[in-house]
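Input: a single structure, listed below in structure tokens.
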Amino acid sequence: MLASKPVYKYLADIVFPNTCAFCGNVIKWDNILCEKCAEDIPDTFEGLIRIENTDGAVGVFYYESDIIGLIYKLKHGDAVFNFAELSAGMIAERLLARKIADSIDIVTAVPMHISKKIIRGRDQAELLGRFVADKLGKPTNFHLLGRKKDSTEQHKLEREERQSHAEEVYTALPKHRDISGKTVLICDDVITTGSTIRACAAQLKSMGAKKVYACSAAVSAVYKDRGDDILP
Ligand SMILES: [Zn+2]
């Protein structure tokens, strides 16, 4: 597995003890998982999801059982860096194995509305994007897409409603960097129906991106047993 053990972690460990990405037990400063969890990693997703407007999406864990709690923690809880780093390392492995990694020019993330970001004090998709970019040695740009203010809960919408809703919500930011001819990797915490990624990728392509790949820490459990090259 790709690993990075920056010294800031050692220094941070003096104030905030390092904890296992899964169970939260205190671990050595340069580890991500405790020994028990490292031997008992849940089943992971190995396929490539074919989402319209993208050139494919990879993900790591299935959005089920303990992973639901970890994704919730990524959005709202403390001590989220190890889970984000673990997921990012496994995303990077998948992108390298599929020979996608080298082609990526820019890493970005599904945007969160600024008001939500202020309330939460973080942006989990951007956090994941930063770790993925670090693992791949690629530049980030989180000022490509914007999100209109919107109080609709995506998961409460029907599939078709989700798509038209997502298309209205994500926009190209004015004065964004020119991405003509570039290959962009867009990160999100979870991929379920793919409607968010589809809408964001449509924007990135209309902004000139040559290729758009997507990645997430978790994917819906409906993608289990669907083979290697699957449609959402
Ligand atoms: Zn553990």
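Just so it is clear, the values below take in all heavy atoms, side chains as well, and ignore hydrogens, waters and symmetry mates. One-based numbering, in listed order, for ligands and for the atoms of each. Computed from a predicted model, the values in this text were never measured in an experiment.
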For residues 64-71, dump all side-chain donor-acceptor pairs below 3.5 Å to protein atoms at least two apart in sequence or in another chain.
residue	atom	partner	partner atom	Å
Glu64	OE1	Lys224	NZ	3.3
Glu64	OE2	Lys224	NZ	2.8

Take Ile91 and Phe131 through the side chain to side chain contact (heavy atoms under 4.5 Å, CB included) test and state the conclusion after the steps. CA-CA 10 Å; Ile91 286 168; Phe131 274 112; over 6 Å; no
Mind checking side chain to side chain donor-acceptor pair (under 3.5 Å) for Glu168 and listing every partner two or more places apart, or none if nothing turns up? none
Shell check on the Zn ion (ligand 1): protein N, O or S atoms less than 2.8 Å away are Cys20 SG, Cys23 SG, Cys34 SG, Cys37 SG
Gap between atom NE2 of His176 and atom CG of Leu204 - 0.5 Å precision: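 It is 9.0 Å, given to the nearest 0.5 Å.
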Which residues end up grouped with Ile114 if you chain together Ile, Leu, Val, Met, Phe, Trp and Tyr wherever their side-chain heavy atoms are less than 4.5 Å apart? Ile118
For the pair Asp55 and Lys205, evaluate side chain to side chain contact (heavy atoms under 4.5 Å, CB included) and give the outcome as yes or no after the intermediate values. CA-CA 11 Å; Asp55 298 87; Lys205 289 255 167 106; 3.2 Å; yes
